[in-house]
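Below: the structure, in structure tokens.
These figures come from a predicted structure and were not determined experimentally. Chain identifiers are assigned alphabetically (A, B, ...) following the order of the sequence lines, protein sequences preceding nucleic acid strands; residue numbering begins at 1 within each chain.
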Amino acid sequence: MALTKEQMAKRIARELKDGYYVNLGIGIPTLVANYIPQGINVVLQSENGILGMGPFPYEGEEDADLINAGKQTVTLLGGSSIFDSATSFAMIRSQKVQLTVLGAMEVADNGDIANWKIPGKMVKGMGGAMDLVASAENIIVCMLHTNKAGDSKLLKQCSLPLTGVRCVKKIVSDLGVFDVTPDGFKLLERAPGVTVEEIKAKTEGRLVVEGEIPEMVV
Amino acid sequence: MNKVVANAEAALEGLRDGMTLMVGGFGLCGIPENSITALVRSGAKGLTCISNNAGVDDFGLGLLLQTKQIRKMISSYVGENEEFERQMLSGELEVELIPQGTLAERCRAGGAGIPAFFTPAGYGTEVAVGKETREFEGKHYVMEQWLRSDFSIVKAWKGDPFGNLIYKHTARNFNPMMAMAGKITVAEVEELVPAGALDPDEIHTPGIFVTRIFQGTNYEKRIEQRTVRKRG
């Protein structure tokens with residue numbers, strides 16, 4: 001069975017390390033905040049100007065002046081700070097933010113990522129994604145392995161306009177966990193019940209399978 | 001020193017067709033609502049607007065798109081506005097999309113007297129096409145140039161007659177850099193306080209960057225995504 005959104009978020013949460021400053025992108029990456037393991041303290045950065053972002057507010061306590069990068073109402077945790085957009089991207093470009101988790105439309109086996117534009121069809125803009133992927137030491141992409149037509153989104157080469165080049169380090173898809181290596185996508189774990197054969201069939205880019213691939217614990 | 005004017009109309013004195021504006025805010029958070037209404041009333045056309053987003057269809061800069069007063073938009077993310085997408089795909093509206101951090105830094109550079117800088121954002125993508133690139137210590141960077149405006153229009157929480165500004169929470173966002181980069185900078189505030197009432201240690205934008213300031217009225221402060229959790 002392919003992973004659900006929540007299971008993908010939970011699996012990514014296991015990549016968090018104590019003391020990390022983390023930027024979580026819009027969509028499934030946002031859910032990672034719900035599964036931070038016990039004993040791990042991380043500080044969430046929101047690129048519109050928050051360090052120490054907390055959960056959604058209780059009903060009636062929403063503040064229009066306090067939103068995250070997805071324009072959702074949020075809260076501040078004790079010890080949080082607020083800053084302007086230039087300062088926010090200063091801490092991103094200088095790699096003080098240690099981990100970025102974001103979604104993708106396509107990833108190539110050299111680490112290229114595309115997630116901001118479908119020419120002639122969808123142009124929403126890159127927001128902060130280009131700054132984040134160009135700078136973060138550690139980038140985890142959270143994505144569905146195939147599109148609605150069943151075609152692979154883990155490719156030899158991206159067909160869509162790029163967001164960043166050779167930057168993705170790890171992918172958690174609904175079918176498995178992969179490191180991006182010089183030899184291609186290295187399969188580390190399979191989703192429960194998903195076979196290596198299925199992953200091979202649904203991965204267009206170079207896939208490295210070495211030895212027994214463990215099934216993910218979810 | 002008294003930079004106080006009566007209202008948004010007075011603050012926008014001198015606005016002409018074809019001018020370049022910076023408009024503060026992130027989404028609908030921290031946008032100069034009073035000034036946007038006055039911009040619509042002014043009827044100024046052919047404007048270039050530099051703003052992180054383009055509002056939504058019926059609020060924020062979306063209002064200026066509906067009246068087709070904007071010729072060109074410079075933004076990082078415009079996904080919340082259908083009219084925007086329609087005008088862009090039909091070619092009525094010229095659009096320059098640039099990475100958010102680059103946008104912030106280009107405004108900051110404009111306000112800091114720095115004509116250009118190198119950033120890694122967008123290297124190897126269509127954002128870098130036609131721009132100088134250079135390698136520093138083994139990493140590739142793209143040269144980006146400053147942005148400056150004829151009018152920068154910002155929104156703050158509190159301000160004083162000297163133009164000193166304090167922003168609230170994430171309504172700060174692009175406002176401080178845009179305030180620095182305007183030939184004329186207009187600040188609208190929720191609360192205009194007497195000179196000396198703000199703690200100098202807590203001022204975000206020093207008054208030197210602000211040309212005109214006024215007390216805004218009737219803030220709607222619309223929330224784009226109202227997300228809450230249950231008690232208990």
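- A 6.0 Å sphere centred on CD of B:Gln145 holds no more than 12 heavy atoms belonging to other residues, nucleotides or ligands.
- Proximity to chain A is absent for every atom of B:Glu96, based on heavy atoms less than 4.5 angstrom apart.
- What you find for B:Glu85 and A:Val123 is that their closest heavy atoms are OE2-N, 3.5 Å.
- More than 12 heavy atoms of other shown residues, nucleotides or ligands fall within 6.0 angstrom of atom CZ in B:Phe214.
- Considering B:Arg172, B:Arg108, B:His204 in turn, B:Arg172 is the only one that fulfils the side chain to side chain contact (heavy atoms under 4.5 Å, CB included) rule with A:Asp84.
- The two residues A:Trp116 and B:Leu97 have their closest heavy-atom pair at CZ3-CD1, 4.0 Å.
- For chain B, the nearby part of A:Asn68 is the backbone; its heavy atoms alone come within less than 4.5 Å.
- To the nearest 0.5 Å, atom NZ of residue B:Lys221 and atom CG of residue A:Asp63 are 6.5 Å apart.
- For the pair B:Ile223 and A:Glu62, the minimum side-chain heavy-atom distance is below 4.5 Å.
- The distance from atom CE of A:Met130 to atom OG1 of B:Thr119, rounded to the nearest 0.5 Å, is 11.0 Å.
- Looking at A:Leu132, neither its backbone nor its side chain comes within 4.5 Å of chain B, counting heavy atoms on both sides.
- If you measure heavy-atom distances from A:Ala69 to chain B, the contacts under 4.5 Å come from both the backbone and the side chain.
- Counting non-hydrogen atoms of neighbouring residues, nucleotides and ligands closer than 6.0 angstrom, the CG atom of B:Asn218 reaches no more than 12 such neighbours.
- In this structure, chain A has a heavy atom under 4.5 Å from the side chain of B:Lys139, while its backbone stays farther away.
- Remark: B:Lys230 fails to qualify as a cation-pi partner of A:Tyr58 under the 6.0 Å distance and 45° angle criteria applied to the six-membered ring.
- Of all the heavy atoms in B:Cys29 and A:Ile67, the pair that sits closest is CB-CD1, 3.5 Å.
- Few gaps surround CZ on B:Phe117; more than 12 heavy atoms of other groups in view lie less than 6.0 Å from it.
- Distance check, rounded to the nearest 0.5 Å: NZ of A:Lys71 to CZ of B:Phe26 gives 4.5 Å.
- Heavy-atom distances place no part of A:Ser80 under 4.5 Å from chain B, backbone and side chain included.
- With rounding to the nearest 0.5 Å, the separation of CD in B:Gln100 from OG in A:Ser88 is 7.5 Å.
- The candidate with the highest count of non-hydrogen atom pairs below 4.5 Å against chain A, out of B:Gly101, B:Ala104, B:Ala121, is B:Gly101.
- Heavy-atom neighbours of A:Met1 CE from other residues, nucleotides or ligands within 6.0 Å: at or below the threshold of 12.
- Here A:Pro55 is the residue among A:Gly120, A:Gly70, A:Gly49, A:Pro55 with the most heavy-atom pairs under 4.5 Å with chain B.
- Using a 4.5 Å cut-off between heavy atoms, B:Asn175 does not touch chain A at all.
- Of the listed residues A:Gly125, A:Ser46, A:Ala86, A:Gly127, the one with more heavy-atom pairs under 4.5 angstrom with chain B than any other is A:Gly127.
- The structure places OG of B:Ser76 at 13.5 Å from NZ of A:Lys124, a figure rounded to the nearest 0.5 Å.
- Other residues, nucleotides and ligands contribute over 12 non-hydrogen atoms within 6.0 Å of the CD atom of B:Glu92.
- Between B:Arg231 and A:Glu61, at least one side-chain N (NZ, or NE/NH1/NH2) sits under 4.0 Å from a carboxylate O, which counts as a salt bridge.
- Of the atoms belonging to B:Val127, it is side-chain heavy atoms, and not backbone ones, that fall under 4.5 Å from chain A.
- Remark: side-chain polar atoms of B:Thr227 are not paired, donor with acceptor, to backbone N or O of A:Gln72 under 3.5 angstrom.
- For the pair A:Lys117 and B:Glu126, the salt-bridge criterion is met [side-chain N within less than 4.0 Å of a carboxylate O].
- A:Ile50 approaches B:Thr170 most closely through the heavy-atom pair CG1-CG2, 3.4 Å.
- Top candidate by heavy-atom pairs under 4.5 Å with chain B, chosen from A:Gly128, A:Gly164, A:Ala114, A:Gly60, is A:Gly128.
- Closest approach of A:Ala134 and B:Pro120 over heavy atoms only: CB-O, 3.4 Å.
- Heavy atoms only, all atoms of each residue included: B:His169 and A:Ile82 are closest at O-CG2, 3.3 Å.
- Using a 4.0 Å cut-off between a side-chain N of Lys or Arg and a carboxylate O of Asp or Glu, B:Arg229 and A:Glu59 do not qualify as a salt bridge.
- Using a distance-only test at 3.5 Å, with no hydrogens or angles considered, a donor-acceptor pair links the side chain of A:Asp131 to the main chain of B:Thr102.
- Here OH of B:Tyr123 is found 12.0 Å from CG of A:Leu162. Values are rounded to the nearest 0.5 Å.
- Heavy atoms closer than 4.5 Å to chain A are found in both the backbone and the side chain of B:Glu224.
- In this structure, chain A has a heavy atom under 4.5 Å from the backbone of B:Ile98, while its side chain stays farther away.
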